Amino acid sequence: FWRTPRCLLCHQTRRTSTPGPRSRQCHLRSNTCRQQSRNSPTGEPRTNKRNTPQQNSATTDGQANKHSRSSEGEPSKPTKTQPAMITSVRVPWTGGVIHALHVAARAAAPSFVAVFVHGADREFQNAEHWRPYLPAFASAFPAAELYAVDLPGHGLSEPGAKAPQPPSDAETVQSLASFIGHVARQRPLVLFGRSKGGRQVFQAVCAAPALQDTLAALVLVAPAVNKPFMDLLPSRVRNTRTLLFWALDDPVVPFATHQTLLDSMPNVKFHSFGAVLGEGETAKWKAHCPENERPDDFHETTTAFLRSVFA
């Protein structure tokens, strides 16, 4: 049983497998959230309702109303840096429209473009999976431009999650390659992909060879690949600098699969989350989404890796 409640303080989504009321703690454990919780008798954010995030509109995560006051009547202390503004973009493709969450670069010359691709489940996997991570990566790389896509058949894209018949894998790869080419515009490119999304990232850069010219790095979480698939990849893709994550107890794409990528790609940095499930736990998706269980580890390791790529 999975839900994606929003933190009542910073409005970021937080995956949980535990039924019950929405968590009041940001899943990135924001100091701002904790400070606001202490300053508010109810623990709820003191923001103007008109500033509440809405779908398909500009959204500010982790930011309280600048005029908010504590229970003692004193203004809340402002954060040191402006939080990332998450907006929605829609890009047409031949079979419909791709929706994506977007964080614009806060620099005249963007350092790179990052595209985040989710997994296969049509009910729970979409751009919202990556939303909690966008502000943190935007803060670490203010000159980067970030996109988290809803693949066709998912989320708010067209066709979307409620479409009776999802697009074929070939159509999905075509749409993803088209989207990446549209937003990258010959700039250095970083592609994030988890599970089936990791496989589709590979397929997209093969479907549009021009993307290989600017592909700077891959960040993959338990990609759904095998040796025959990896053997067919062009050497330019296999030689890409790659950060690979896996959980030791992943029952969906087994941990042993990581060796296939290590054998096929010479420039892979591998990071194991270890065992994610506690004793007696059987929630398979928890171990297959280890970045949700180890968010700080995921963010810090990825940030260090990307800084080494763009040093």
Side-chain angles (χ1 to χ4, degrees), residues 1-6 13 15 17 54-57 59 86-102 114-132 134 146-184 191-211 218 220-226 228-230 232-233 237 250-254 257 283-289 291-292:
F1 175 70
W2 287 89
R3 299 182 301 113
T4 55
R6 290 185 182 276
T13 54
R15 284 199 177 278
S17 57
Q54 301 291 333
Q55 282 186 338
N56 296 324
S57 62
T59 304
I86 301 179
T87 61
S88 293
V89 298
R90 300 179 70 82
V91 177
W93 66 287
T94 56
V97 177
I98 285 191
H99 166 266
L101 301 176
H102 176 226
V115 178
F116 296 73
V117 184
H118 57 75
D121 190 284
R122 293 186 67 198
E123 184 176 359
F124 301 115
Q125 285 290 290
N126 49 54
E128 290 294 329
H129 177 89
W130 297 109
R131 181 190 284 273
L134 297 181
L146 312 178
Y147 294 88
V149 301
D150 282 330
L151 293 175
H154 296 256
L156 300 177
S157 288
E158 298 175 13
K162 295 183 179 180
Q165 181 64 38
S168 67
D169 284 348
E171 291 173 322
T172 298
V173 169
Q174 176 196 1
S175 69
L176 179 59
S178 175
F179 177 87
I180 295 172
H182 177 82
V183 301
L191 297 179
F192 287 70
R194 56 155 290 95
S195 191
K196 188 177 182 180
R199 181 186 184 96
Q200 290 169 327
V201 159
F202 281 125
Q203 292 173 313
V205 296
C206 291
L211 297 177
L218 296 167
L220 306 174
V221 182
V225 299
N226 54 29
F229 177 87
M230 295 301 298
L232 292 175
L233 295 178
V237 176
D250 186 341
V252 180
V253 184
T257 309
K284 66 177 183 178
W285 292 109
K286 188 173 181 180
H288 190 50
C289 301
E291 68 276 24
N292 285 351

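Treat the numbers as computed from the prediction; the structure is a model and nothing was measured. All values below were derived from every heavy atom in this structure, side-chain atoms included, with hydrogens, water molecules and symmetry-related copies excluded. This chain uses plain numbering: 1 for the first residue, then up along the sequence.
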Polar side-chain atom of [X] near backbone of [Y] as donor-acceptor pair, under 3.5 Å:
X    : Y    : value
H118 : L151 : yes
R131 : A148 : no
D150 : A127 : yes

As an exercise, state the distance from CG of L232 to SG of C206, rounded to the nearest 0.5 Å. 9.0 Å
To the nearest 0.5 Å, what is the distance between CE on M230 and OG1 on T257? 11.5 Å
P251: side chain to side chain contact (heavy atoms under 4.5 Å, CB included) partners, not counting sequence neighbours: K284, A287
Within the structure provided, determine whether [X] and [Y] are in side-chain contact (heavy-atom separation under 4.5 Å).
X    : Y    : answer
H182 : W93  : no
H99  : L101 : yes
P159 : P167 : yes

Begin from the C-alpha positions of H129 and N292 and carry the test side-chain contact (heavy atoms from CB on, under 4.5 Å) through to its verdict. CA-CA 9 Å; H129 177 89; N292 285 351; 3.6 Å; yes
Can you say whether the rings of Y147 and F179 are parallel (under 30°), tilted (30 to 60°) or perpendicular (over 60°)? perpendicular
Donor-acceptor contacts, no H, no angles, side chain residues 191-202, under 3.5 Å, sequence neighbours left out:
| residue | atom | partner | partner atom | Å |
| --- | --- | --- | --- | --- |
| R194 | NE | Q125 | OE1 | 3.2 |
| R194 | NH1 | H288 | O | 3.2 |
| R194 | NH1 | E291 | OE1 | 3.4 |
| R194 | NH1 | E291 | OE2 | 2.9 |
| R194 | NH2 | H288 | O | 2.8 |
| S195 | OG | H288 | NE2 | 2.8 |
| K196 | NZ | D169 | OD1 | 2.9 |
| R199 | NH1 | A224 | O | 3.2 |

